[in-house]
Colleague: 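Just passing along the structure, written as structure tokens.
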Amino acid sequence: MAEKSSAQLIFIPSPGMGHLVAAVEMANLLLDRDDYLSVTMILIRLPSQLDVSAYVDNLSVSAPTDMSERIEFIDLFKLDGYDSSAETNPGFVKTLFIESQKAQVRNVVAEIVRSNSVRPGSPRLAGFVIDMFCTTMIDVANEFGAPTYMFYASSAAFLGLMFFLQSRKDEHDMDATEFKNDPDAELAVPSFHLPVPASALPYLVVEKSCAPFLLQHTRRTREVKGIMVNSFQELESHAITSLCDGVLPKVYPVGPVLNLNRDCISSRMLSSGTHLILKWLDDQPNSSVVFLCFGSMGSLHEDQVKEIAYALEHCGLRFLWSLRRPPQKAKNLTYESPGVYENPREVLPEGFIDRTAERGRVIGWAPQVDILSHPAIGGFVSHCGWNSILESLWFGVPIATLPLHAEQHLNAFEMVKELGLSVEIKLDYKSGFYCDNDRTVVGAQEIEEGILRLMVHDSDVRKRVKEMSEKGRKVVMEGGSSYSSLGHLVNDLFNNF
Ligand SMILES: *[C@@H]1O[C@H](CO)[C@@H](O)[C@H](O)[C@H]1NC(C)=O
Ligand SMILES: *[C@@H]1O[C@H](CO)[C@@H](O)[C@H](O)[C@H]1NC(C)=O
């Protein structure tokens, strides 16, 4: 056997902070596991995404030195000849925008390969690692004769659903958009035990203008050499097993891949306010505080905000609520992040803050990991983004579900019905079918009942969450299922090029 040579991976995450952070964590996991690996991360971002730029600048400065030598960031936006014309493209912006960056990515990789070839001892190109929206980059990898892998930052169950819907369309010409008007229909999806209600399907797969893009990504996902899924065998055993059918690309459950050591992001955002929040939590009894947070892209309409406030006021429990202002509509829906209210009193019921001052706090941006890890937190009212689910499982904090968009309804369904690991406030089947404008409102009473169930001290859900938390921490340690799956992946990375 030849001596092991260094291998270089080209990571291409899609635009957006969440995608980037997930990719960086995955890259770090690989670098940490094998000293012969190096990573070049190609950043596709909109000029307006300054947070991404600041994050990367800081990462390059603050990463641990032994690893920072093996990871490099190339920000396409900072290169000459950057083409931002696609930014105003209508339609499924992200896909089109990524597509428009292909030539630029090709140039960057060609330069990497060229400079490797003239420097003795340089690593060889071992493959591309893309995320679920960057499948067009498979073409670029193919041109360089490199295998492509995918890092899938969502659940194995969702991955299974997408493969199911795509083959249903391509082999049987059955279109999921028909479910848009039939939310009571049920689907037998191989990655779920239970029939999946059509109402839990992501809006993007039932909406005619988006579904073709998503199906096309899924079609192309079949071409990749392997898929790293941010999940673990003990959590999604049925879904993961369903994906190992010998036909689909090899699946490596390597999760939970979490951004627990998020100094780089939070130090930028950590204001003195955050310290006050944590200090306030220090003064609360263990497991007594409900934490409400709806993700970096999640914001609620004023009507919904008021219903939550009524529920919190009426239930009498301690709470910490990360309240974000909906993004200003207009320009570019996909990329606009929610803002912070200068004065949350504008949207809260009059007097709410004063009446609950003894037991509650309303904050803007929340350092979610710091909060979830705090012993005072007893439950989490969440939008059910997959990453938030994994974080709260890690810290053994049960969730009450209030999904908003993307695949969050499916995640909520999986957590509540399939796995019994969350409490239902709403799987809110219908909300997934409407654009933000005409979303139905979940009433205060329903929210309060959910929160009260969530905060029951010795509930079965809480026990199961604690057990899953322990399993989740074991799987990433030596001998654990994700640990060994990562080992297989690293071996395959070296054997496939
Ligand atoms: C970068 O991160 C370090 C700590 O990791 C922090 O001290 C510093 O303020 C950050 N700088 C910026 C510009 O965010
Ligand atoms: C609260 O939780 C912390 C951390 O788990 C623990 O050390 C402490 O003993 C607990 N306090 C009480 C009063 O149970």
Side-chain angles (χ1 to χ4, degrees), residues 25 232 234-235 255-267 269-295 311-312 315-322 356-363 365-401 415 419-423 425 448 450-480 482-483:
E25 288 308 314
F232 52 103
E234 286 75 354
L235 175 64
V257 182
L258 299 174
N259 183 29
L260 297 177
N261 172 21
R262 77 259 74 80
D263 294 359
C264 313
I265 313 181
S266 50
S267 61
M269 298 184 174
L270 268 186
S271 51
S272 57
T274 303
H275 296 294
L276 288 177
I277 296 164
L278 296 176
K279 203 169 161 302
W280 180 78
L281 284 176
D282 288 344
D283 293 335
Q284 312 306 315
N286 282 357
S287 298
S288 70
V289 178
V290 188
F291 174 46
L292 301 93
C293 183
F294 301 95
L312 288 174
C315 74
L317 293 165
R318 292 183 175 81
F319 66 87
L320 178 62
W321 182 5
S322 166
T356 57
E358 289 292 300
R359 60 180 168 91
R361 287 286 180 275
V362 177
I363 58 174
W365 180 81
Q368 182 163 301
V369 165
D370 293 316
I371 292 172
L372 286 174
S373 64
H374 198 287
I377 299 298
F380 180 23
V381 176
S382 170
H383 66 308
C384 299
W386 188 245
N387 206 49
S388 292
I389 289 173
L390 292 178
E391 284 178 4
S392 86
L393 283 175
W394 183 263
F395 293 110
V397 177
I399 282 178
T401 60
M415 289 298 285
L419 306 177
L421 288 170
S422 292
V423 170
I425 288 181
E448 181 180 350
I451 290 178
L452 291 172
R453 278 197 306 276
L454 171 70
M455 295 303 280
V456 170
H457 268 272
D458 49 359
S459 67
D460 288 343
V461 168
R462 189 175 297 274
K463 280 181 208 145
R464 282 195 289 269
V465 166
K466 291 269 183 246
E467 281 166 25
M468 192 52 74
S469 176
E470 282 161 25
K471 287 179 185 166
R473 285 166 182 250
K474 278 193 190 134
V475 296
V476 293
M477 298 192 304
E478 206 168 337
S482 291
Y483 185 93

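Worth saying up front: this structure is predicted, and the values here are computed from it rather than measured. Throughout, residue positions are numbered sequentially from 1 according to the sequence presented. When a ligand or atom number is given, it counts from 1 through the structure's own listing order.
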Colleague: Is a donor on one side and an acceptor on the other found under 3.5 Å between the side chain of Arg464 and the backbone of Gly420?
Modeller: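 Here the side-chain-to-backbone pair exists.
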
Colleague: Any side-chain to backbone donor/acceptor pair from Ser287 onto Ala376? Under 3.5 Å, distance only.
Modeller: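 Flag not set: sc Ser287 to bb Ala376 has no pair under 3.5 Å.
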
Colleague: Can you see which heavy atom on Gly255 is nearest to which on Val476, and at what distance?
Modeller: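 Minimum heavy-atom separation between Gly255 and Val476: O-CG1, 3.9 Å.
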
Colleague: Identify, chain by chain and in numerical order, each protein residue with a heavy atom under 4.0 Å from an atom of ligand 2.
Modeller: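 Residues near ligand 2: Asn286, Pro375.
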
Colleague: Any side-chain heavy atom of Ile451 sitting closer than 4.5 Å to one from Leu317?
Modeller: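 Result yes, sub-4.5 Å side-chain heavy-atom pair found.
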
Colleague: Under 3.5 Å, side-chain donor or acceptor atoms of residues 456-463 against the rest of the protein: list the pairs with distances, not counting sequence neighbours.
Modeller:
from	atom 1	to	atom 2	distance (Å)
Ser459	OG	Arg462	N	3.1
Arg462	NE	Val456	O	3.0
Arg462	NE	His457	O	3.2
Arg462	NH1	Gly378	O	2.8
Arg462	NH2	Gly378	O	2.9
Arg462	NH2	Leu454	O	2.8

Colleague: So Ile425 and Val423, do their side chains get closer than 4.5 Å, heavy atoms only?
Modeller: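 With C-beta onward as the side chain, the pair stays apart.
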
